[in-house]
Amino acid sequence: MFVVRFLEKIGQVFISFLMAIGEITVFSYRSLSAGIRPPYYWKQIAQQSLQIGYFSLPVVGMTALFVGVAMALQCYLGFSEFTAETAIPSVVMIAMTRELGPVLTALMVAGRLGASMTAEIGTMMVTEQIDALTTLSVNSHKYLVFPRLLTGSLLLPFLVFVDDIIGILGGYLTGVYYLGFNSSNYIHNTFSSMSSQDVISGLIKGVVFGFTICLMGCYHGYSSQGGAEGVGRATTNSVVASSIMILLLDCILTFVLF
Amino acid sequence: MSFIIEIENLKKSFGKKTILHEVSLNISPGESYVIIGGSGTGKSVLIKCILRLLDIDSGIVKINGKNVNDLPQSEMLKTLLRCGVLYQGGALFDSLNVIDNVSFGLVYGYRKSTKEAYKIAIDKLEAVDLDEKIAFSFPSELSGGMKKRVALARAIATDPDIIFFDEPTTGLDPITSGTINELIVKCTKEMGISALSITHDINSLKFISDRVGLLHGGRIIWEGSKGDLMTTDDPYVQQFITGSPIGPFTGKND
Ligand SMILES: Nc1ncnc2c1ncn2[C@@H]1O[C@H](COP(=O)(O)OP(=O)(O)OP(=O)(O)O)[C@@H](O)[C@H]1O
Ligand SMILES: [Mg+2]
C-alpha cells in the first residue's frame, strides 16, 4: 500500500516536471517567434540592456574580486605543500574563466534580475496589465519577454568577461602584494597558459545562462496567480529554478566543452 | 442587420466551478448594452471571454462578424485595435506616466508619432475632466478616481468601434460620475460607438443604457430596454433596482 502511494507520488512529480518542460518550451517558442518579426521595440530592448548590462556591474565586479582574492590564497595554502606555487596564476585563471566567472555571474544575476523580472511581470499579470497590453493590440510576449531574452543572452557573456578580468586581477593583487610573487612572472604565468578555448567556453556558458535566467524570470512571472502572495511565491520559484538550472547546465556544458 | 457583438451559448468554467452556463446576447452597432448582476456572477469574466483573454469551454463569440476563437493571434490583435477596454481595476501600466499610458494604443497599436499621439492623449484627458498637469505623473501618484479616469481616457484614445466599460463610475464622486456618464452617452449617441458596460450604479444605468441584461446563475435571466427596467414585475430586476435585502437574490451565488 505504502509502496503504491510512494510510486504514485513519484509519477505525479515526474508528470508535472514533464508538463512544466513542455510549457516552458511553448512559452519560449511563442516569445522568440513573436520577437524576431518586426516591428522591434527598441526602447524596451535599450531599457533592459541598461538593467542587465550596466546596473549589474557593481554586484558582479565585487563578487569577482572577492572570489579572485580568496582563490589565490586557497591555492597558495594547497600548492605550497608541493612547492607548486608557480601554478597559482594559471589555476586562478582557469577557474575564473571556465567555471567561477560564468557560474557566479549567473547566480548573482539570477538573484538580482531574475527575481525582479518575475516580480514585475507577475504584478502586471495579477493587476490585468498584461490583459491591457493585449487589448491595446500589443503582443505581450514580444513587448515584455523577447527584449529580456535577447538582452539577457547577449549581455550575460559580457558580464562574464568583466567578471573574468576582475577575478584574475584579484588573484594578481593577492599574489603580488600579499604572497610576494614577482609581478611580471605572475602575469607571464597567467597568460602563457591561457587558451582562447578557456575564455570562449566561459562565454558560451554565459549565453546559455543568460537565456535561462530571463526565461525562468519571465515564465514564472506569467504563471503568477492570485495577489501579492502569488507574486512572492512565483519570485521564489523563479530564483530557485534558475539557480538549479544554472548549476545543472554548467555540469552538462562542462562535459560538452571539456 | 449585422451585430457588432454576437454571443451564443457561451460556457466558461474554472476547474469544476462553472461561472457562465449559457450566455447569449447580441449588440447592434451604436447600441449601449449594460449588464447588471450580483457581485461574483461573472460579469468581468464575460468581458474577458469576449476579448479572448480567457479561453471559453464552448459557444460562439463574434466581434464584427468574426469568430474570435478562430482568429490567428495577429488577426485577433488587429480586431482588438478596434476595441477599447476599461478594466475594473484600471490596469494602468505603472512603469509609464499618464500620457504614455493614454497614448499607448496610438503609439504601439496605430504606430503614430509620439507628438501626434500626445496631442490626442491630451484631448482625451480633457474629455475625462483631468488637468493636463498630471500628464507626467505616474499612476502611483494618483488617487483612485483619477486612475479610473486615466484608464477611461486610455480606453477611448484610439476611437474604437466598441468600448467595454467594467464599472466606469465605481469609486468616483457623484459629479465626476455624471461627467463620465455623459461621456459614455456622447460616445454612443454622437460618435456611434457601441458599448458594453457593467455597472452597479443605478443612476448610471438609467442614464447610459439602451438595453439592459441581468446576469444571474450563469445566464442572462432578464433583458429589456431602459423603460422596461422601471415597469417590469420581474422580481430579480425589482430587487436589484430597489436594493432590498428581501427577494429572490440570496447574496450567495450558486
Ligand atoms: N482566473 C480565475 N480563476 C479562477 N476563478 C476565477 C478567475 N477569475 C474569476 N474567477 C471567479 O469567477 C467568478 C466571477 O468573477 P468576476 O470577476 O467575473 O465577477 P463580477 O461579476 O465581475 O463581480 P464584481 O461585480 O464584484 O466585479 C468569481 O467567483 C471568481 O472567483
Ligand atoms: Mg467585475
Side-chain angles (χ1 to χ4, degrees), chain A residues 23 26-27 29-48 50-51 55 113 116-148 218 221-222 224-228 230-231, chain B residues 14-15 44-45 47-54 63 68 72-96 100-112 114 117 139-140 147 150-152 154-158 160 162-164 166:
Chain A
E23 271 175 32
V26 172
F27 184 87
Y29 171 76
R30 279 173 73 174
S31 309
L32 293 178
S33 63
I36 53 175
R37 265 177 253 141
Y40 304 109
Y41 298 141
W42 295 114
K43 205 168 149 195
Q44 268 58 47
I45 295 176
Q47 263 171 10
Q48 290 307 317
L50 211 60
Q51 272 298 327
F55 290 116
L113 271 167
S116 82
M117 268 177 209
T118 308
E120 189 183 345
I121 294 181
T123 306
M124 292 185 74
M125 196 74 202
V126 301
T127 56
E128 301 178 319
Q129 291 179 52
I130 297 205
D131 288 343
L133 273 179
T134 311
T135 50
L136 288 164
S137 197
V138 169
N139 181 331
S140 64
H141 282 263
K142 189 181 173 74
Y143 182 84
L144 291 173
V145 183
F146 183 74
R148 286 170 168 80
C218 295
Y222 268 79
S224 304
Q225 272 174 350
V231 176
Chain B
F14 292 105
S44 301
V45 167
I47 286 192
K48 288 193 186 163
C49 288
I50 298 174
L51 296 164
R52 209 176 82 176
L53 296 170
L54 291 172
I63 300 181
V68 296
Q73 169 82 357
S74 55
E75 282 294 309
M76 188 63 207
L77 288 178
K78 266 185 219 152
T79 305
L80 288 173
L81 206 50
R82 305 301 313 140
C83 303
V85 188
L86 169 69
Y87 290 87
Q88 189 167 2
L92 294 176
F93 303 126
D94 36 34
S95 59
L96 300 178
D100 284 332
N101 262 289
V102 177
S103 58
F104 196 91
L106 298 164
V107 173
Y108 286 94
Y110 283 98
R111 313 214 62 77
K112 283 191 193 303
T114 314
S140 57
K147 277 186 212 162
V150 174
L152 192 61
R154 185 176 71 180
I156 58 172
T158 51
I162 176 154
I163 313 186
F164 298 83
D166 197 342

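Per chain, numbering begins at 1; letters A, B, ... match sequence-line order. What you are looking at is a predicted structure, and each value in this text was computed from that prediction instead of being measured.
In terms of heavy atoms, A:T134 sits closest to B:L77 at O-CD2, 3.7 Å. For B:G109 against A:S137, the heavy-atom pair with the smallest separation is CA-CB, 4.4 Å.
In this structure, A:K142 NZ and B:Q73 CD are separated by 11.0 Å, a value rounded to the nearest 0.5 Å. Between B:S95 atom OG and A:Q129 atom CD the span is 7.0 Å, to the nearest 0.5 Å. Rounding to the nearest 0.5 angstrom, the gap separating the OH atom in A:Y143 from the OH atom in B:Y108 is 4.5 Å.
Highest contact tally toward chain A, considering only B:V85, B:D94, B:T158, is held by B:D94 [criterion: heavy-atom pairs under 4.5 Å].
Residues A:T127 and B:F93 fail the side-chain proximity criterion, which asks for heavy atoms closer than 4.5 Å. The closest side-chain heavy-atom distance from A:D131 to B:Y87 is below 4.5 Å. Annotation: side chain of B:F104 is in contact with side chain of A:L133 (closest heavy-atom distance under 4.5 Å).
Proximity to chain A is limited to the backbone of B:L92, based on heavy atoms less than 4.5 angstrom apart. Within the 4.5 angstrom heavy-atom criterion, no atom of B:R52 approaches chain A. In this structure, the portion of B:L51 lying under 4.5 Å from any heavy atom of chain A is its side chain and not its backbone.
Listed by chain and residue number, A:E128 satisfy the side chain to side chain donor-acceptor pair (under 3.5 Å) test with B:K48 (two or more places apart in sequence, or in another chain). In this view, A:R37 satisfies the salt bridge (Lys or Arg N to Asp or Glu O under 4.0 Å) rule with no residue, not counting sequence neighbours.
Around atom CZ of B:R82, more than 12 heavy atoms belonging to other residues, nucleotides or ligands sit under 6.0 Å away.
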